[in-house]
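These values consider heavy atoms only, across backbone and side chains, with no hydrogens, waters or symmetry-generated copies.
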Amino acid sequence: MSSPRNNTALFVLLLYFSLFASCGPDDTSPSTLSTEQVIVPDNLVGYWELTHFRPTDNLLSASLTISEIGTWKSETSLPLITGGYLSVEASGKLRIEEDQIKSVTESVKTILPTSQMPVKTKTFDGQITFDLIGNQLTLYYDDGSMAIYQRAKK
């Protein structure tokens, strides 16, 4: 019988993959954002660490780096119910339109604790509503979940 904590960890894992990546064939090609010059506001550029993820807190650790030229990369560790962590590294491009981050994922590498072999995934395209107040970046996803990041030094 599974415990509520194990069910929650599994839910977070499934939620993360539904937001950022899904399994697919090797021959997927990433979508592209417009080729126009991307300008990212200075207050969004930098290294961010996840402090809260709702609906569930304290089950994953994540960081997000946003560059001034419109690229991003993230590193996430998700606990597995069988022990160990699933590591996910992703990168892509973004552009900012008012309170929306429009993002294209170009690369996702997933490493299981039982193997150092990456798992093939396909890209995710989407947009995320955000708030930036001081050094706190809040991302609001379409499914009602929310991620809160704090600016940090890398």
With sequence neighbours excluded, residues passing side-chain contact (heavy atoms from CB on, under 4.5 Å) with Leu132: Asn43, Leu44, Trp48, Phe130, Leu137
What's the spacing between Leu64 CG and Leu50 CG if we round to 0.5 Å? 9.5 Å
Between atom CD of Glu89 and atom OG1 of Thr110, what is the distance when rounded to the nearest 0.5 Å? 9.0 Å
Please round to the nearest 0.5 Å and tell me the distance separating atom CD of Glu49 and atom NZ of Lys153. 12.5 Å
Cationic N near anionic O, under 4.0 Å, Glu75 to Lys73: no
Checking side-chain contact (heavy atoms from CB on, under 4.5 Å) for the pair Tyr149/Thr51: CA distance, chi angles, key distance, verdict? CA-CA 5 Å; Tyr149 289 85; Thr51 59; over 6 Å; no
OH (Tyr140) and CG (Asp99) are apart, to the nearest 0.5 Å, by 10.0 Å
Flag side-chain contact, heavy atom, 4.5 Å: Leu86 against Ile111: no
Do Leu139 and Val45 share a hydrophobic cluster, counting only Ile, Leu, Val, Met, Phe, Trp and Tyr and linking them when any side-chain heavy atoms are less than 4.5 Å apart? yes
Residues passing the side-chain contact (heavy atoms from CB on, under 4.5 Å) test with Gln136, sequence neighbours excluded, are Thr138, Ile148, Gln150
Could you point out which residue of Ser91, Ser67, Ser103 forms a side-chain hydrogen bond (donor to acceptor under 3.5 Å, both in side chains) with Trp72? Ser103
Audit row: Val108, Val88, side-chain contact (heavy atoms from CB on, under 4.5 Å) steps and yes/no: CA-CA 7 Å; Val108 177; Val88 180; 4.0 Å; yes
At their closest point, which heavy atom of Tyr47 faces which heavy atom of Ser63, and how far apart are they? OH-CB, 3.4 Å
OG1 (Thr129) and CE (Met146) are apart, to the nearest 0.5 Å, by 12.5 Å
